[in-house]
**Student:** 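Pasting in a structure now, in structure tokens, and then I'll have a few things to ask.
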Amino acid sequence: GPEAWDIEILEIHHRGKRDAPSGTGLMLGEAAARGRGADLATLRAPEGRGGERRAGAIGLASLRAGGVVGEHTVTFAAQDEILTLSHSARDRSLFAQGALAAAAWIAGKPAGLYAMADVLGFAR
């Protein structure tokens, strides 16, 4: 069951990025917490402290180094197996492509509040 799996999120960005964790790192943490039926604030593991890990806690770590555009990794770790999902952005133009796709999608839509989930056709 879910209690057997620890969740760790690692996000890495360039040394000049000011926010930590990044918005994407937080979004991944919130999605993991929703999967556990809770808010990230209640499940987030304390950073930089030793000791035994609280059951169900979600770890969120941020690194800032060099010119890394963006890397996000979510690790699900059980006693005998690990599942890792990761994404690496190698060029900032990738984000411009997303912005252009969003601009094309919203053309002609009525005024309102939209999110990338709408652009991508994800249910919210």
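In this text the structure is predicted, and so the values were computed from the model without any measurement.
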**Student:** Quick one: do Val119 and Ile106 satisfy side chain to side chain contact (heavy atoms under 4.5 Å, CB included)? Show the steps, please.
**Tutor:** CA-CA 8 Å; Val119 175; Ile106 202 164; over 6 Å; no
**Student:** Check side-chain contact (heavy atoms from CB on, under 4.5 Å) between Ala61 and all other residues, then give those that pass, not counting sequence neighbours.
**Tutor:** Leu10
**Student:** Are the side chains of Leu60 and Leu26 in touch, meaning some heavy atoms are under 4.5 Å apart?
**Tutor:**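 Of all side-chain heavy-atom pairs linking Leu26 with Leu60, at least one is under 4.5 Å.
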**Student:** According to a hydrophobic-cluster definition based on side-chain heavy atoms being under 4.5 Å apart (Ile, Leu, Val, Met, Phe, Trp, Tyr only), do Val74 and Ile12 belong together?
**Tutor:** no
**Student:** Name all residues meeting the side-chain contact (heavy atoms from CB on, under 4.5 Å) criterion together with Asp39; count only those two or more places apart in sequence or in a different chain, and write none if there are none.
**Tutor:** Thr42
**Student:** Do Leu100 and Leu94 sit in one hydrophobic cluster, given that two such residues count as connected whenever their side-chain heavy atoms are within less than 4.5 Å of each other, even indirectly?
**Tutor:**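 In one cluster: no.
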**Student:** Glu71: which residues meet the side chain to side chain donor-acceptor pair (under 3.5 Å) condition with it, sequence neighbours left out?
**Tutor:** Arg90
**Student:** Give the other cluster members for Ile82, using side-chain heavy-atom distances under 4.5 Å between Ile, Leu, Val, Met, Phe, Trp and Tyr residues; answer none if it is isolated.
**Tutor:** none
**Student:** Just by distance, do the side chain of Arg54 and the backbone of Leu43 share a donor-acceptor pair under 3.5 Å?
**Tutor:** yes
**Student:** Scan residues 15-47 for pairs that pass ring-ring contact (aromatic ring centres under 6.0 Å, His included), counting only residues two or more places apart or in two chains.
**Tutor:** none
**Student:** Tell me the ring-ring contact (aromatic ring centres under 6.0 Å, His included) pairs involving residues 50-79, sequence neighbours left out?
**Tutor:**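 Non-adjacent pairs meeting ring-ring contact (aromatic ring centres under 6.0 Å, His included): His13-His72.
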**Student:** Please identify each residue that fulfils salt bridge (charged side-chain N to carboxylate O under 4.0 Å, His left out) with Arg36, with sequence neighbours left out.
**Tutor:** none
**Student:** Working to the nearest 0.5 Å, report the span between CD of Glu81 and CH2 of Trp5.
**Tutor:** 3.5 Å
**Student:** Can you list the residues that meet the side-chain contact (heavy atoms from CB on, under 4.5 Å) rule with Ser86, with sequence neighbours excluded?
**Tutor:** Thr73
**Student:** Return the set of residues passing side chain to side chain donor-acceptor pair (under 3.5 Å) with Asp91 (not counting sequence neighbours), or none when no residue passes.
**Tutor:** Ser93
**Student:** Which pair of non-hydrogen atoms, one from Pro21 and one from Ser62, has the smallest distance, and what is that distance?
**Tutor:**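 That closest heavy-atom pairing would be CA-OG, 3.1 Å.
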**Student:** Who passes salt bridge (charged side-chain N to carboxylate O under 4.0 Å, His left out) against Arg64, sequence neighbours left out?
**Tutor:** Glu11
**Student:** Walk me through it: do Thr84 and Glu8 pass the test side chain to side chain contact (heavy atoms under 4.5 Å, CB included)?
**Tutor:** CA-CA 9 Å; Thr84 303; Glu8 287 290 330; over 6 Å; no
**Student:** Please list, chain by chain and in numerical order, all residues satisfying side-chain contact (heavy atoms from CB on, under 4.5 Å) with Ala101, sequence neighbours excluded.
**Tutor:**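 Per chain and number, Ala101 pairs via side-chain contact (heavy atoms from CB on, under 4.5 Å) with no residue.
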**Student:** Testing Ile58, Leu40, Ile9, Leu85 for side chain to side chain contact (heavy atoms under 4.5 Å, CB included) with Leu28, which one passes?
**Tutor:** Ile9
**Student:** With sequence neighbours excluded, give me every salt bridge (Lys or Arg N to Asp or Glu O under 4.0 Å) pair touching residues 12-23.
**Tutor:**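 Those involving residues 12-23 are Lys17-Asp19.
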